[in-house]
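Keep in mind it's a predicted model, so treat the numbers as computed, not measured.
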Amino acid sequence: MCSSDLYKGTYKKAALTAYWEECKPVKTKGKGKGKAKAEPEPKAKGKAKAAPEPKAKAKAEPAKPTGKPATEGQSRSGKPVNVSALTKITKDDLGLLPQPPKPRFRTALVGIYVRDQPYGGSDKSSNGHRYDSIPFANGMITSGMSCQLINYVHDEHDTFFEVCRSFDALIVRCNPGQIKADGGSQQKFDDGMRGLRKLGIQVWPSPDVMEFMGAKDALCKIADMSIGLEDTLAYYDPAEFTAGFKKTMAFQPRVIKQNRGSSGEGIWIIKLKSGNYCSTFGERSCADDEVLDMMEANDNHSEEHTVAEFVEFCINGRNSKSGEWTSKGVGKYLEGGKAAGGQLVDQRFCPRIVEGELRYNMVSDTLVGIIHKKPKEGGISAVGGTGSIYTYYGPKEKKFATLTKNFLSVDLPKVMPALGLGDEPIPLWWTSDFILSSPEGTPEKEEKWIVGEFNCSCVGISKCLPAYCKDDTPNACYNDIPKKDLAETRKMGDMCGKKALEILIKVARNKFKGAEAGEYFSGGPVDVSSLKRVTKDDMGLMKQPMKPRFKTALVGVYVRDQPYGGSDKSSNGHRYDSIPFGNGMISAGMSCRSEEHTSELQSLAGS
């Protein structure tokens, strides 16, 4: 069998190559070279345990990209995966490095171009790419992987996802709302991505990570952690919201957050105008005619409404019952119910928000920078465009040393499991916003910072903003990013690439990891549930490919009245040499179940 035949199955050449490279010993001068020649290739896996520091090979493997970044008019996203079936939307790949000739893994960065909007959307450069796509793609390339820039066009949905099956991983950079704005269905797109995840293809971030991590009720799921507030509540039902809000509002100032908004729209900081708060929670509930003093976070504008008007606006939007509103929003925050993202989160107001909040910029589990966002004098929100002041700090800033240490070492490992995402990796590029909840005068080491929100949905790289088009810069492009800022974005992109490579190597290793004691990998793809299982486990057998080229089985016989099931058996009931044969079939892209012959099997075969 030629080597190309070996890689036509589910286990792609890139994944296999990465795995075998991990198992090879690091070459050293003198003796190392002789051993490398003498060692038969098929024994590489067997020598993996003895290999000194296999990770050193993985880190040294990616060669620096050869060639200059693409210039105006040049495109570099046509290979190694054949994407000719997809409509090419963008003009060129300005700034993109050459694809490596032998990529360790094949990845793609997925964008969306809104065809009836100026520039293709508010986040685009003049060539049609999102303004910060190139640093992410180049980071993958500098880590030895290919990264092709492709666009989702809803008219060719099925073709798009068929092409994507040839990639090992996808970085999704589609701004919320843009797929719908182009005439497509976000739900259909998300379901397609979920289908790829089931095939073992990595999607960063996956739809489930975006949904559960980005939803405002994530704050309820971390309420009992040190970065949460225990009195954080979530409402999905109008009656539940009406009763709950009236009770919490009577006790203390609140922050009510809608789930669907962005840039602070639908986030209300609310106080009782009368200041008539009860001393203990639940002592009373607000009356419908009590007046609320409110400020919306998107632009720091103030409004006054009765409790009844605010509740009506949140549930049914603008009408005669909700009164006149100057907000840019339309209300109806619970519309569609929980399944459609309709929810409101009710959280205690932390008055020290006026001192600003901290945004932690994260690459996977690594902090790369801190932004202190201070509201304009008299304001509460530090959303961009409101006159807020941004101060940038490095990841080791001493002012926030205690928060940084506790968040990274204590809380972060618990976040994904708490959100119901224990099987998903931490997003490649995401942020966490923190608000100081401690009283003034609290020593730095005792300060409590609570999470205001997580964001992993197409978080932008602010240093790349000069590359996006607007009315006064219609020809903005990658080359407009200042050199100093470009160096910073390269560092972030390169770090994303390194983290992505680590994830993909781990995934590749797991594909070849044999079953452990008690694990059974012969349950599919052929349904043999009607057969009696006589073996204890499939110890050592690799996982079955999700899309096998052929379906095979290894048939043995277990003699039930003999010790061990026969003189050729291992303690789990399989013949002692069955696993290598089974794994050989699996490595070639076929499924291979290990089945012990019984009278039931004979009867079934005879039928």
Smallest separation among heavy atoms of [X] and [Y], with atom names:
{"X": "Pro439", "Y": "Thr442", "answer": "O-OG1, 2.7 Å"}
{"X": "Ile370", "Y": "Pro395", "answer": "CD1-O, 4.5 Å"}
{"X": "Gly341", "Y": "Asn259", "answer": "O-ND2, 3.1 Å"}
{"X": "Pro176", "Y": "Cys458", "answer": "CD-CB, 4.3 Å"}

Do we see a donor-acceptor contact under 3.5 Å between the side chains of [X] and [Y]?
{"X": "Asn455", "Y": "Thr431", "answer": "no"}
{"X": "Ser77", "Y": "Asp93", "answer": "yes"}
{"X": "Lys399", "Y": "Tyr393", "answer": "yes"}
{"X": "Glu447", "Y": "Ser438", "answer": "no"}
{"X": "Gln258", "Y": "Gln343", "answer": "no"}
{"X": "Thr366", "Y": "Lys499", "answer": "yes"}

With no hydrogens and no angle check, is any side-chain donor or acceptor of [X] less than 3.5 Å from a backbone partner on [Y]?
{"X": "Thr142", "Y": "Asn138", "value": "yes"}
{"X": "His372", "Y": "Glu355", "value": "yes"}
{"X": "Thr248", "Y": "Phe245", "value": "yes"}
{"X": "Glu519", "Y": "Glu516", "value": "yes"}

With a 6.0 Å cut-off on ring centres, are [X] and [Y] close enough?
{"X": "Tyr277", "Y": "Phe251", "value": "no"}
{"X": "Tyr152", "Y": "Phe189", "value": "yes"}
{"X": "Phe400", "Y": "Tyr360", "value": "no"}

